[in-house]
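Within every chain, numbering begins at 1; the chains are lettered A, B, ... in the order of the sequence lines, protein sequences first and strands thereafter. Note that this is a predicted model, so its numbers are computed, not measured.
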Amino acid sequence: MPGIVSVTDLRKVYDGGFEALKGVNLEIRKGEILALLGPNGAGKTTLISAICGITTPTSGVIEVGGHNVQTDFRASRSLIGLVPQEITLEPFEKVLNAVRFSRGLFGKKADEAYLEKVLRQLSLWDKKDARIKELSGGMKRRVLIAKALSHEPRVLFLDEPTAGVDVDLRKEMWAVVRALKADGVTIILTTHYIEEAEAIADRVGVIANGELLLVEDKVKMMEQMGKKQMRIELQQPLDEIPQSMAHYDLVRGEDGSFLIYTYDTQGERTGITSLFADIAKAGLVLKDVQTSQSTLEDIFVDLVKEDA
Amino acid sequence: MNLQAILAIYKFEMVRFFRTIAQSVVSPVLSTSLYFVVFGAAIGSRIQQVDGISYAAFIVPGLVMLSVLTQSLTNAAFGIYFPKFIGTIYEILSAPVSHLEIVIGYVGAAATKSMIIGLIILATAFAFVDLHILHPFWMLSFLVLTCLSFSLFGFIIGIWAKSFEQLNLVPMLIVTPLVFLGGSFYSISMLPEFWQKVTLFNPVVYLVSGFRWSFFGQADVGVGISLVMIVVFLGLCLAVIGWIFRTGYRLKS
Ligand SMILES: Nc1ncnc2c1ncn2[C@@H]1O[C@H](COP(=O)(O)OP(=O)(O)OP(=O)(O)O)[C@@H](O)[C@H]1O
Ligand SMILES: [Mg+2]
């Protein structure tokens, strides 16, 4: 089944000649939350802009809900809500008016009850008559979200929705995102906070230098790419790793008081049993053992490093 | 046709107009009143009659035109430049609206604003000058056509402009001279023959002349020619706008 958003061989060369997207292929599944991770300048915003019609692709095909975004833009764009990365709002406009405008612009009949629901959900209802310039940064960002939701989109793009938003509010936004997902809305968000992707995404895509390095189920990705590390603390510091244990992926801690053993949880054997046997044979006495699993962040950093 | 969208844009723009209604109306009314006083009363008392019309009355159509032209240009230019400048244009570009609908919304609003201002100025004129309009229907038609075509022109400038300086450049550098040399304050026949010929390349001449005809029943150039020229200008602006949207010129990166 084709995804609700389908991007094929998308290239974007900006006027100056800079190639911001180098042939991106992406299928976004209906109803999922997809997090796009990538360093600054990776091409995340460019990808979103191309899908939403803000920038014209140099080549490639984009479809939303089966509608080509260039030839059938009315049908495709009606499905899309976009929360841009930058806070762009008319400063003198009143909150409720701004949201009404968005709904009208997308060709939807006025529905005050629905707009009230959206504003309440985003804790903006008591600010409905305030002018945008009177709001705090976090509130403005929520107004952008309210505008994007005002026309009941089926696909919602959130370009760094939680940048500059405090922890409480971030959690609130995650709740909103989850509620939308429960309504069947497909959500694509870009973020620099890996915990955010870890917390709410179903799948994670990693972009660097205009290329989509991978798109993977979050859990699977963490399983597959995740490495475990074991920290083995010793009674007596060690000057060097004994010859008998040289074939293990071991690193001696700074003062020799501990060893770090890295192993692959997906490997056939973790090698833990034999490592412990060899430790005993070498006459080392253990003080403590801890294991830790790499986070999405470690995976991400590894991937982007490899790509560079 | 996404009528809701046209209406949304139109309303949004009109709300902005009414939010600053005092500024929008006071300054053009004040400056035109000054023209009436200085040119109509002070100088007019010396010139007395042009083509059999009192000078004070003679300059009214030109002055209304002058305001309507500049208002249309600046309103429409600013209307589309502002969202471009602050970035809210993203929403228009990502909405299911066609280019035509965007133009109708913005240009319609800008034309309405200058129409309102034009009518207010005309009303002010009645306070200063003894006037009656011979062809009210044609007067309104010329007014509407001018508002529309120069709002379209302003829309183009607003899209083209990359800075506030550029935004003011065209109205300042081109339009004001064209209007002053367009026969607002004098009859073309008062000029030396050579300059009469040159003047015929000035589109504003046709506007002012046609508009003046609707007041007094006489004009520098034939009304038919005036009408045709305005429509040609309107078509030209439409063609340029069509091209802008096809290519995304200065709208999309
Ligand atoms: N309008 C433009 N003209 C020229 N180059 C551009 C334009 N917009 C973006 N770029 C370039 O394209 C590249 C990708 O930019 P993009 O905004 O898509 O990155 P991003 O992944 O969203 O980064 P960030 O995390 O900082 O938001 C950058 O190198 C940027 O300089
Ligand atoms: Mg970005």
Contacts of [range] with chain B (heavy atom under 4.5 Å):
range: residues 76-83 of chain A; result: A:R77, A:S78, A:L82
range: residues 91-110 of chain A; result: A:P91, A:F92, A:E93, A:F101, A:S102, A:G104, A:L105, A:F106, A:G107, A:K108, A:K109
range: residues 120-143 of chain A; result: A:R131

What pairs of residues pass the side chain to side chain donor-acceptor pair (under 3.5 Å) test when at least one of them lies in residues 57-70 of chain A, not counting sequence neighbours?
A:H67-A:D72
Grab the two heavy atoms, one from A:F73 and one from B:S98, that are nearest each other, plus how far apart they are.
CZ-CA, 3.9 Å
Quick check for you: to the nearest 0.5 Å, what is the distance between B:E91 atom CD and A:S150 atom OG?
7.0 Å
So, taking the atom named CD1 in B:I89 and the one named OG1 in A:T88, what distance separates them when rounded to the nearest 0.5 Å?
11.0 Å
Is B:L7 in contact with chain A via its backbone, its side chain, both, or neither, using a 4.5 Å heavy-atom distance?
neither
Answer with side chain, backbone, both or neither: which region of B:I92 has an atom nearer than 4.5 Å to a non-hydrogen atom of chain A?
both
Heavy-atom contact with chain B under 4.5 Å, split by part of A:E90
both
[X] atom [atom1], neighbour heavy-atom count above 12 within 6.0 Å:
X: B:M1; atom1: CE; answer: yes
X: B:W138; atom1: CH2; answer: no
X: B:K11; atom1: NZ; answer: no

For chain B, find which of A:S49, A:G53, A:A75 contributes the most heavy-atom pairs closer than 4.5 angstrom.
A:G53
Between chain B and each of A:H151, A:K147, A:E86, count heavy-atom pairs under 4.5 Å; write down the option with the most.
A:K147
Among B:A8, B:A5, B:A95, B:G87, which residue has the highest count of heavy-atom pairs closer than 4.5 Å to chain A?
B:A95
I'd like to know which of B:R19, B:R16, B:E101 tops the heavy-atom pair count under 4.5 Å against chain A.
B:R19
